[in-house]
Amino acid sequence: MLNPPSSGSQAPEGAPAIADVLNGPQADAAAHVDGPMVVFAGAGSGKTRVITYRIANLLATHRVPPYRLLAVTFTNKAAGEMKRRLENLVGPELVRDLWVGTFHATCARLLRRHYEAAGLGKNFIVYDDDDQRAVMTRVYKDLRIDDKRHPMRQVMGRIQREKQDGLLAADFIPSNPIEAVVSRCFSAYEERLMAANAVDFDDLLIRVLRIVEDQQSSAGAELRRKFVHVLVDEFQDVNRVQYRLVRGLSHKTHNLFVVGDDDQSIYRWRGADVTIVRNFRKDHPDAKIVKLEQNYRSSANVVAAALGVIKPAADREPKELWTDNVPGDHVDVVACASERDEAAFVAERIRELMDAGVSPAEIAVFYRVHAQSRVLEEVLRSERIPYQVIGGVRFFERAEVKDLVSYLRVVSNPKSDVDLVRIINVPSRKIGDTTVEKLAAMASELGVSMFEAIEPLVRSDRLGTPAKKALAVFHTLMAQFTTIADTASPRELAERILAETGYVAMLEAQGTDEAEGRLLNLQELVGSIEEYEREALAAEEVPNIAGYLEKVALVAVTDELKDAPRVAMMTVHAAKGLEFSFVFLTGMEEDMFPFRSQDPSRSGDIEEERRLAYVAITRARLKLWILHAERRMVFGGTKYGMASRFIADLPRDVIAEKRTEVLRASAGRFIDRDGWGASSRSEPTRPGAAGAQGRLAWSHPQAGPAGGGATRPVTASGRSFEPGERYVERDDDAAPQGFRRRMPPDAPRPGGMVVGAKVEHKTFGIGVILEVDNAPDATATVKFSGWSPKRIKVRFLEIVREIG
DNA sequence: GAATGGCCCGGCTGC
DNA sequence: CGGGCCATTC
């Protein structure tokens with residue numbers, strides 16, 4: 001039962017009892033409180049609900065103090081959502097002190113308290129992949145290691161694998177010459193990170209784990225008894241370090257509650273070990289086991305399709321997913337001519353859905369790899385369908401964003417050499433590579449950071465006067481920022497850095513649309529700092545740079561998903577844990593999905609690909625399209641692909657096979673018995689005809705130019721969509737208001753710069769104007785051959801041919 | 001020391 | 001195809 005707590009009146013009136021809200025096994029999982037417990041939660045079986053209610057139950061009924069309760073989620077977004085739901089159940093007071101977060105965020109937070117036990121300085125920073133690579137590049141230089149003989153990718157991969165097992169450099173015993181090199185890099189890398197007062201993602205976990213498992217340290221004892229209950233979501237994707245960690249943290253009470261679905265384990269390449277969840281009961285003989293097997297999310301046809309794909313998987317925890325939901329519409333399996341045809345088909349269906357009143361936020365497009373997003377983006381953009389791409393070139397990986405972040409990091413933690421090197425000459429201040437190398441040499445001679453080495457180097461006789469001067473100027477500048485940081489808010493500091501380093505001026509001087517985009521990104525970054533300040537104040541904390549930087553380092557791709565009315569485009573990996581009413585699963589071809597790496601040493605794991613397909617399918621609530629293309633441009637060349645083996649695993653009776661018109665026009669004049677324009681709803685193509693695997697062997701891949709594939713308007717889940725009034729939804733892009741100086745619509749257009757005009761740009765060549773605004777310093781969207789449409793100031797364009 | 005162009009090589013998933 | 005690195009040139 002869920003009773004409001006006696007003190008305070010946080011719980012809303014009539015908070016429902018668990019039994020009223022959750023169904024049988026869900027209620028079991030939420031209400032049973034003592035000892036270890038594993039919940040095998042099938043896709044769409046309501047596990048988030050179970051965890052939320054369980055926490056609410058622990059807080060409200062069992063009076064567990066919120067600060068003694070740890071819930072680990074897979075993304076920050078999931079953590080935020082869980083908190084929001086809990087606030088509605090038990091009130092914000094209790095939720096504020098809960099520990100809810102990802103493994104990395106939780107460890108970072110714990111490490112902030114116990115940094116000394118980990119041998120770190122107070123303002124340690126978290127290095128991301130880029131930073132790690134930068135450090136390793138230095139290590140390679142120092143140790144004179146040949147990247148050709150020992151590719152950095154491999155060496156770093158090896159180090160990472162060691163760390164995912166909880167091992168650090170000192171634990172690594174090389175057993176051959178190659179491993180000896182790895183070992184040297186490992187040690188040097190670790191030393192550099194320690195010297196920079198930095199940790200990488202794996203360190204965050206390992207450092208905390210080492211404290212937790214240290215029987216001698218008082219910090220360890222504190223952590224081992226800190227939490228009364230530990231809950232872990234998406235447990236199928238934990239690695240061994242994470243498992244040891246939650247075991248250690250729940251050591252005192254053994255109240256370890258984990259929820260997962262071994263069928264959805266898709267991060268093995270990142271160290272996840274699905275056997276951990278499968279063996280949970282062996283490790284914990286007293287564990288209670290609950291299985292949630294009823295799917296509440298998807299139409300019966302979608303569930304059947306998902307089961308068809310996952311059934312052949314080896315080594316599953318036995319379970320039977322089922323549903324009470326209506327069959328709904330068929331799963332459409334659509335054969336396309338090319339990736340453009342595929343994108344056009346997707347765009348058309350989305351258009352129809354939107355015309356029928358479906359919010360774009362209810363629609364998602366999935367792909368196996370980011371590279372597939374480009375064509376989809378181009379087509380959606382030209383169709384004016386609002387979309388957002390999750391992941392890909394991520395916001396915090398953009399050069400200008402990283403630059404500002406690096407400035408902040410150097411101010412917060414001057415020991416961070418990779419950040420110093422990044423910004424020491426951006427904007428250009430005449431400090432070249434040679435000077436930087438001398439600085440690095442000086443630093444290692446003196447055994448100090450590069451920042452600390454600036455003064456001695458300036459006083460030495462190793463530099464010419466101009467270089468000395470430039471360095472001194474830089475040093476003074478940074479010292480100023482450090483002073484400012486003592487009193488100013490993070491946002492003020494960021495703004496002053498942008499202004500006083502000349503960074504903004506540099507971009508403004510460039511005047512290109514690219515530079516303008518960068519300015520917008522910086523604005524957005526400043527905005528995110530502001531947001532952080534608000535959040536910190538709301539949580540009664542003092543906002544500081546270190547706090548902001550930590551947040552920045554730990555954002556997950558899925559955290560970027562905004563609740564905006566836009567179609568979401570993402571990889572299947574990023575889709576985990578999400579759900580959408582309408583889902584397009586693109587690129588279902590052999591070698592694409594299942595993905596096959598060119599590099600045979602990284603041979604893919606078919607089992608994991610299968611689970612990945614299962615995850616993708618189970619995201620759909622009402623309607624699913626599975627698309628595959630005959631030919632696809634891959635890294636410059638055209639690849640002819642067969643339909644994925646997973647398509648052959650779909651039960652025949654739940655799918656409808658279709659082909660786009662482009663494909664029919666190219667390959668099957670006589671296949672199309674209905675004649676052109678007859679618009680048959682489904683065109684059976686029986687992939688089963690070819691071979692035991694039932695794959696369609698493609699025959700005539702000489703389709704015409706890309707265009708709109710078309711089949712009939714779809715019906716979803718019994719609903720039929722009447723052709724609605726067409727409307728155009730503006731893709732208002734990322735540009736916040738105020739940055740685009742819009743003029744009244746009747747303002748004069750710059751001469752000849754109208755839609756359709758042919759123009760020339762000195763970098764992009766000849767292009768056609770797709771769109772132009774009316775400002776005096778107008779911006780046009782131009783399609784240049786070989787480029788996606790670009791926004792460019794018309795003053796950089798020259799008219800080649802006017803529209804008559 | 002900076003800017004530009006050409007060449008080569010990699011080629012997924014991401015905290 | 002595209003990014004990153006290197007060499008050449010100003």
Side-chain angles (χ1 to χ4, degrees), chain A residues 72-77 101-108 126-133 137 147-148 151-153 157 160 163-164 199-205 234 237-239 241-242 265-272 339 366-375 390-394 396-397 399 425-436 464 466-467 470 510 550 552-560 570-576 587 591-600 602-605 608-609 611-612 615-616 632-639 762-763 786-788:
Chain A
V72 184
T73 56
F74 200 69
T75 63
N76 295 307
K77 192 172 194 278
T102 63
F103 271 106
H104 291 93
T106 303
C107 286
V126 182
Y127 276 179
D128 67 11
D129 299 1
D130 259 10
D131 303 321
Q132 291 180 45
R133 216 170 306 125
T137 306
D147 189 71
K148 291 261 177 345
M152 213 160 84
R153 251 181 91 90
Q160 203 162 35
K163 294 178 91 160
Q164 279 158 355
V199 292
D200 64 23
F201 292 127
D202 294 316
D203 288 332
L204 276 175
L205 309 178
E234 305 281 8
D237 280 321
V238 298
N239 66 30
V241 169
Q242 291 166 333
S265 171
I266 56 174
Y267 281 99
R268 195 172 113 151
W269 51 274
R270 208 169 79 183
E339 75 274 20
F366 299 156
Y367 34 79
R368 179 63 179 79
V369 299
H370 282 301
Q372 290 169 259
S373 75
R374 218 193 77 226
V375 174
I390 313 303
V393 188
R394 296 168 54 189
F396 286 104
E397 284 164 10
N425 201 31
V426 181
S428 166
R429 42 176 82 89
K430 311 279 178 202
I431 302 173
D433 294 345
T434 355
T435 311
V436 172
Q510 288 173 13
E550 183 174 304
V552 164
L554 301 177
V555 285
V557 267
T558 324
D559 299 339
E560 300 167 13
M570 68 191 84
T571 63
V572 179
H573 281 94
K576 186 171 89 153
D591 294 355
M592 200 69 188
F593 197 167
F595 188 86
R596 193 178 53 161
S597 172
Q598 299 312 105
D599 181 354
R602 298 157 50 93
S603 64
D605 179 342
E608 184 143 312
E609 295 291 319
R611 295 192 293 264
L612 196 54
V615 168
R632 184 177 293 276
M633 298 283 281
V634 183
F635 302 113
T638 302
K639 285 242 157 80
K762 66 172 159 57
T763 313
W787 302 81
S788 56

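Residue numbers start from 1 in every chain, and the chains themselves are labelled A, B, ... in the order their sequence lines are given, proteins ahead of strands.
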Give the rounded distance in Å between these two atoms: [atom1] of [X] and [atom2] of [N].
X	N	atom1	atom2	answer
D147(A)	dG10(B)	CG	P	10 Å
F103(A)	dG14(B)	CZ	C1'	16 Å
Q372(A)	dT13(B)	CD	C1'	12 Å
E560(A)	dG14(B)	CD	C1'	11 Å
H573(A)	dC12(B)	NE2	P	13 Å
F201(A)	dG14(B)	CZ	P	13 Å
M570(A)	dC12(B)	CE	C1'	17 Å
D131(A)	dG14(B)	CG	P	18 Å

Hey, what are the protein-to-nucleotides 1-7 of chain B N/O distances that come in under 3.5 Å?
| unit_1 | atom_1 | unit_2 | atom_2 | d |
| --- | --- | --- | --- | --- |
| dG1(B) | OP1 | T435(A) | OG1 | 3.1 |
| dG1(B) | OP2 | T434(A) | OG1 | 2.4 |
| dA2(B) | OP1 | N425(A) | ND2 | 3.2 |
| dA2(B) | OP1 | S428(A) | OG | 2.6 |
| dA2(B) | OP2 | N425(A) | ND2 | 3.1 |

Side-chain N or O of R394(A) closer than 4.0 Å to phosphate OP1/OP2 of dC15(B): yes
R394(A) atom CZ, over 12 foreign heavy atoms within 6.0 Å: yes
Sugar-phosphate only, base, or nothing, as touched by E397(A) at under 4.0 Å among non-hydrogen atoms: nothing
Sugar-phosphate only, base, or nothing, as touched by R368(A) at under 4.0 Å among non-hydrogen atoms: base
N/O donor-acceptor pair under 3.5 Å between D128(A) side chain and A553(A) backbone: no
Integer angstrom distance from the C1' of dC5(C) to that of dC12(B): 23 Å
ring-ring contact (aromatic ring centres under 6.0 Å, His included) partners for Y267(A), two or more places apart: F74(A), W269(A), H573(A)
Pairing residues for [X] by the side-chain hydrogen bond (donor to acceptor under 3.5 Å, both in side chains) criterion, not counting sequence neighbours:
X	answer
D130(A)	R133(A)
D131(A)	K402(A), R409(A)
Y367(A)	none

[X] side chain, from C-beta outward: closest of [options]:
X	options	answer
R374(A)	dC15(B), dC12(B), dG2(C)	dG2(C)
F595(A)	dT13(B), dC15(B), dC12(B)	dC12(B)
H370(A)	dC12(B), dG14(B), dC15(B)	dG14(B)

Of T102(A) and E609(A), the one whose closest DNA chain B nucleotide lies more 5': E609(A)
Residue met sooner reading DNA chain B from 5', once A574(A) and K639(A) are mapped to nucleotides: K639(A)
D128(A) (side chain) and dC15(B) (base): donor-acceptor pair under 3.5 Å: no
R270(A) (side chain) and dC15(B) (base): donor-acceptor pair under 3.5 Å: no
Centroid distance under 5.5 Å and plane angle under 30°, Y267(A) vs dT13(B): no
Salt bridge present between K639(A) and D591(A) (N-O < 4.0 angstrom): no
Contacts of type side chain to side chain contact (heavy atoms under 4.5 Å, CB included), residue D200(A), not counting sequence neighbours: Q132(A), K163(A), Y189(A), L193(A), D202(A), D203(A)
